[in-house]
Amino acid sequence: MPTTPHYPAPFNPDRRRFLQASAALGLSAALSGRQALAQVRSSDDTLRAAAARRWVLGEFTPSTLSVEEQMREMDFFIRAAEPFRGQQIYVVSETIPTHVYEARFLARAFREITDITVVHDVIREGELVERIQQQMRTGRNLYDAYVNDSDFIGTHYRYETATPLTDWIAGDGAAFTLPTLDLDDFIGLSFTTGPDGKVYQLPDQQFANLYWFRHDWFQRPELKAAFRQRYGYDLGVPVNWKAYEDIADFFTNEVRELDGRRVYGHMDYAKVDPSLGWRFTDAWLAMAGVGDPGLPNGQPVDEWGIRVEGCHPVGSSVSRGGALNGPAAVYALRKYLEWLRQYAPPEAPRMDFSAAGPVPGRGDIAQQIFWYTAFTAELLKEGLPVMNADGTPKWRVAPSPHGAYWEQGMKLGYQDCGSWTLLNSTPVRRRQAAWLYAQFTTCKTVSLKKTLVGLTPIRDSDLRSAAMSEAAPRLGGLVEFYRSPARVAWTPTGVNVPDYPRLAQLWWTRLGEAVRDRATPQQIMDQLAAAQDQTLARLQQAGGMKRCEPRLVEPRDPQYWFDQPGAPKPRLADEEGQGLTMDYEEMLRAWREGRVGV
């Protein structure tokens, strides 16, 4: 359960700075101006150190560091910020609790400790994407740093508008890089690393989409007996989509009511807005089995259905060796629509990402195949029907079940990795000040407490801490997931996607036509694949990419590609198969051993 932030008393050094300065200057007229200024600075640093200690002993507890180690990190920020004191910088991130915490508390702490004021805007993700895209396009500095999804890694690598942090730390950012930053401790660093081996972004928060279910309902003997009688196997964590569908049917149509309340075996959302696109680009097609094996993303065909040759995207359509309109992708869309219409609450199609996330907390949802752990805190609130009286949840998270086309070695879900991103168009001095703030929000002094508040972990050392072990029973399997070697199968969009904002906007409008039942799943995916190929062609012609630009190949008979190994995969004779489930405790053992899927 998120811990309650401790708010130190307001600290305003201005009056005390004035008094200290006056006293220093009045001690002796013999003191030179330089000596007096040095004395004032020394007294200011003493006040900043006192402020840092109050934060360390209050809000920044617990930490994996000792108090002395935390104070050494704070001393670095005090000293490194000296050239920027009195400056105001502007940063932006999307609206999730982690970033609200940063904007309200960490920005304030940073100001008191460094005398750098941070205006930390928290806005909707779609708006954030528009703003970073605008700055990349025009070169006009809108923000000094962005918490930008690592889904942009292919974009940043190709356009060279983002500052590679590997180069930055060795160059203009060297004097302003925390000695204890410890990049190897960041669990999402592979997501922010380009094909050239350089780190382009610094992870700030991570959350996954996992399978969510009512563990207490799944343990009821009468429900277990009824499920086995009806479907011929045990009620448990579904390993494949057929089992998920059987469980959805069971609770929606067989059980129907529990404890006097109508219940549903599935939850989802389908409002036609940009978040409908995320519902699919955030690895839904990979879960179905679109693409090739490979981590963090399939190669040569990824979950967006894009084939690359070398590093160049060559097509999305099956006729070009892509997989966006292949049988696996059509299957993924068909199952999404069937489950939404047959097993979800009637209001689900009118909901978007933000509205749907907390819905399982109402107490009428048995399971959800695609649930973002960013909403964990929402489902841990005292008094919810899904919480026990002792503060532990009645629900659990588990690995996402996979579709009929999935195979070992493929990614099994999505992991959001919002990461600090510096753009070359930002003046160097402003980038340096913003880099200090980015490190402040991710340093070991504050990262564990931030994780306990927002439940979006970024550091392995935090995950292995005693504080996380203590919190684990109250977090429904979240800690077990992130400690598991299997977490590497949940990854963001990868480097095959050459221009994330331009391609992502194609998805939600066309998928909206499917939700409105205006075309068949095959027709929708044909349209989407054609639109994505057209956009790749325009990007190729535009010439704005510095490297690895799209190079579309000529279309050929799709059967040629179906006859080749890997994706695109030909249609299966049986896309349903036999349902397969796993006992939750057995699943936890599999996670600990790093096993993914069955």
Side-chain angles (χ1 to χ4, degrees), residues 13 41-42 44-49 51-52 55-56 60 63 65 69-93 102-103 106-120 132 135 141-148 156 160-186 189 192-193 198-205 418-447 450 458-459:
R41 285 175 175 168
S42 176
D44 282 352
D45 285 350
T46 299
L47 293 173
R48 293 186 184 97
W55 281 94
V56 163
F60 300 158
S63 169
L65 302 183
E69 289 169 329
Q70 288 180 285
M71 286 305 299
R72 283 198 288 272
E73 286 199 335
M74 294 300 99
D75 182 63
F76 164 81
F77 287 111
I78 291 170
R79 290 184 291 101
E82 197 274 338
F84 314 110
R85 289 176 186 167
Q87 184 172 327
Q88 182 166 281
I89 59 173
Y90 299 84
V91 304
V92 64
S93 55
E102 292 168 341
L106 298 189
R108 174 181 157 193
F110 187 71
R111 175 180 59 79
E112 293 181 3
I113 293 166
T114 66
D115 200 25
I116 299 172
T117 299
V118 181
V119 178
H120 189 147
I132 192 171
Q135 182 164 338
N141 192 53
L142 302 179
Y143 287 97
D144 301 310
Y146 294 79
V147 181
N148 169 227
H156 293 320
E160 298 186 1
T161 53
T163 304
L165 296 183
T166 300
D167 296 342
W168 174 256
I169 289 170
D172 289 335
F176 307 99
T177 297
L178 180 67
T180 53
L181 181 60
D182 192 5
L183 288 177
D184 290 338
D185 193 37
F186 286 83
L189 205 67
T192 64
T193 301
K198 293 181 180 180
V199 176
Y200 282 76
Q201 301 165 281
L202 182 70
D204 180 75
Q205 55 81 8
S419 305
W420 285 104
T421 307
L422 305 177
L423 296 184
N424 296 330
S425 55
T426 300
V428 170
R429 299 297 280 175
R430 300 191 69 81
R431 257 185 288 168
Q432 289 168 335
W435 174 237
L436 286 175
Y437 178 64
Q439 295 172 94
F440 185 82
T441 65
T442 57
C443 68
K444 291 180 181 179
T445 292
V446 308
S447 61
K450 188 176 82 168
I458 54 171
R459 287 186 174 272

All heavy atoms of Phe110 vs all of Ala433, minimum pair found to be CZ-O, 4.4 Å

Test item: side-chain donor near acceptor, Thr161 and His156, under 3.5 Å: no

Minimum heavy-atom distance Thr421-Ala162, with the two atoms named: CG2-CB, 4.2 Å

Charged N to carboxylate O under 4.0 angstrom, Lys450 versus Asp204? yes

State which residue, out of Thr192, Thr442, Thr441, fulfils the side-chain hydrogen bond (donor to acceptor under 3.5 Å, both in side chains) condition with Trp420. Thr441

Test item: Phe77 and Thr445 side chains (from C-beta on) under 4.5 Å apart, heavy atoms: no

Any side-chain heavy atom of Leu189 within less than 4.5 Å of one from Val199? yes

4.5 Å side-chain heavy-atom contact, Leu422 and Trp435: yes

Establish, from distance only, whether the side-chain atoms of Thr426 and Asn141 form a donor-acceptor pair under 3.5 Å. yes

For Phe186 and Leu181, work out which heavy atoms get closest and say how close. CE1-O, 3.6 Å

Trp55 and Glu112 side chains, donor-acceptor separation under 3.5 Å: yes

Testing Lys444, Glu69, Glu73 one by one against Thr180 for a side-chain hydrogen bond (donor to acceptor under 3.5 Å, both in side chains), which residue passes? Glu73

Electrostatic pair Asp75:Arg79 at N-O distance under 4.0 angstrom: yes

Quick one: are Pro179 and Phe76 in side-chain contact, heavy atoms under 4.5 Å? yes

Taking the side chain as everything from C-beta on, heavy atoms only, tell me whether Phe440 gets closer than 4.5 Å to Thr114. no

Nearest heavy-atom pair of Asp144 and Ala434: which atoms, and what distance? O-CB, 3.6 Å

Give me the atom names and distance for the closest heavy-atom approach of Arg429 to Gln87. O-NE2, 4.3 Å

Do the side-chain N and O atoms of Tyr437 and Gln439 include a donor-acceptor pair separated by under 3.5 angstrom? no

Arg431 vs Asp172, salt bridge (charged side-chain N to carboxylate O under 4.0 Å, His left out): CA-CA, chis, key distance, verdict: CA-CA 9 Å; Arg431 257 185 288 168; Asp172 289 335; 5.7 Å; no

I'd like to check Ile78 versus Arg85 (side-chain heavy atoms, cut-off strictly below 4.5 Å). Are they in contact? yes

